[in-house]
Amino acid sequence: MTAKSQHNDPRPRIAFFAGTFNPFTVGHASIVERALSVFDKVVIGVGINSLKTTSVEAERRALVISRLYSCNPAVSVMTYDCLTTDAARRAGACCLLRGVRSVRDFEYERDMADINRQLSGLETVLIYSLPEHAAVSSSVVRELQAFGKDVSRYLPEK
């Protein structure tokens with residue numbers, strides 16, 4: 001019996017996967033695919049951080065991600081410019097979904113989970129990256145792109 005089949009509440013179990021996703025990598029895609037074995041739906045929230053990005057850039061990333069999942073009704077994408085917990089509530093999420101690549105990520109995510117739970121009551125579910133994706137980060141991909149390197153192996157196939 002899977003975790004989804006044990007769920008007696010008639011409402012769908014929705015996880016909110018937040019990030020800037022600049023860019024959305026194979027590691028992110030792996031977290032989404034694996035989360036779908038536990039949740040009925042995953043909402044990917046592309047955050048707009050006014051210190052880092054513009055809404056136009058975030059909308060463009062959201063469009064790229066939406067195209068990746070256009071044939072999968074269990075995945076939707078939205079942009080947001082508020083607290084992640086507020087966006088998750090608007091999306092109907094029962095929890096926040098986060099990917100963890102390393103101990104360093106775990107420490108940060110544990111602290112964020114505590115704050116988010118205090119703010120909203122939402123729990124955070126961590127999914128560990130597959131070993132082959134542990135070194136893949138959006139910042140590494142951006143740096144490789146800046147130096148003209150082929151990053152196709154780090155990006156999901158369209």
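Only heavy atoms go into these numbers, but all of them, side chains included; no hydrogens, no water, no symmetry mates.
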Correct closest heavy-atom pair for V77 and S66 would be CB-OG, 3.4 Å
When rounded to the nearest 0.5 Å, the distance separating CZ of R153 from CG of L144 is 8.5 Å
One should read off an interatomic distance between L68 CG and I44 CD1, to the nearest 0.5 angstrom, of 8.0 Å
Same cluster or not: are L122 and I31 linked, directly or through other Ile, Leu, Val, Met, Phe, Trp or Tyr residues, by side-chain heavy atoms under 4.5 angstrom apart? no
Taking atom CD of E143 as the centre, report whether more than 12 heavy atoms of other residues, nucleotides or ligands fall under 6.0 Å from it.
no
| query | Are the side chains of V32 and F17 in touch, meaning some heavy atoms are under 4.5 Å apart? | reply | yes
Sequence neighbours excluded, the answer for side chain to side chain contact (heavy atoms under 4.5 Å, CB included) partners of S102 is R104, D105
Q. Would you say the side-chain atoms of T20 and N22 include a donor-acceptor pair closer than 3.5 Å?
A. no
Residue pairs passing the salt bridge (charged side-chain N to carboxylate O under 4.0 Å, His left out) test with at least one member in residues 114-124, sequence neighbours excluded, are D114-R117, R117-E123
- side chain to side chain contact (heavy atoms under 4.5 Å, CB included) assessment of E59 paired with L63: CA-CA 6 Å; E59 291 290 343; L63 181 61; over 6 Å; no
Pair up each side-chain donor or acceptor in residues 124-138 with any protein partner under 3.5 Å, not counting sequence neighbours, and list the distances.
unit_1, atom_1, unit_2, atom_2, d
S137, OG, S139, OG, 3.2
S137, OG, V140, N, 3.1
S138, OG, P23, O, 2.7

| OH/Y154: more than 12 non-hydrogen atoms of other groups inside 6.0 Å | no
Margin query: In this structure, would I14 and M78 fall into the same cluster of hydrophobic residues linked by side-chain contacts under 4.5 Å?
Written below: yes
Between the CG atom in L83 and the CD1 atom in I115, the distance rounded to the nearest 0.5 Å is 11.5 Å
message = Does any part of the side chain of F21, heavy atoms only, come nearer than 4.5 Å to the side chain of H28, both counted from C-beta?
response = yes
Which atom pairs, one a donor and one an acceptor, fall under 3.5 Å between side chains of residues 85-100 and the rest of the protein, sequence neighbours left out?
unit_1, atom_1, unit_2, atom_2, d
R89, NH2, S120, O, 2.5
R98, NE, E109, OE1, 2.9
R98, NE, E109, OE2, 3.2
R98, NH1, A18, O, 2.5
R98, NH2, E109, OE2, 3.0

**Asked** Does R110 pair with E107 as a salt bridge, N-O distance under 4.0 Å?
**Response** yes
Donor-acceptor check, side chain of D81 to backbone of I48, threshold 3.5 angstrom: yes or no?
no
Nearest heavy-atom contact between L36 and V75 is CD1-CG2, 3.7 Å
Closest non-hydrogen atoms of V42 and A35, given as atom of the first, atom of the second and distance, are CG2-CB, 3.9 Å
Residues pairing under ring pair (Phe, Tyr, Trp, His ring centres under 6.0 Å) where one sits in residues 61-119, two or more places apart or in two chains, turn out to be F16-Y80
Residues 21-36 vs salt bridge (charged side-chain N to carboxylate O under 4.0 Å, His left out), sequence neighbours excluded, gives none
Nearest heavy-atom approach of C71 to P73 is O-CD, 3.5 Å
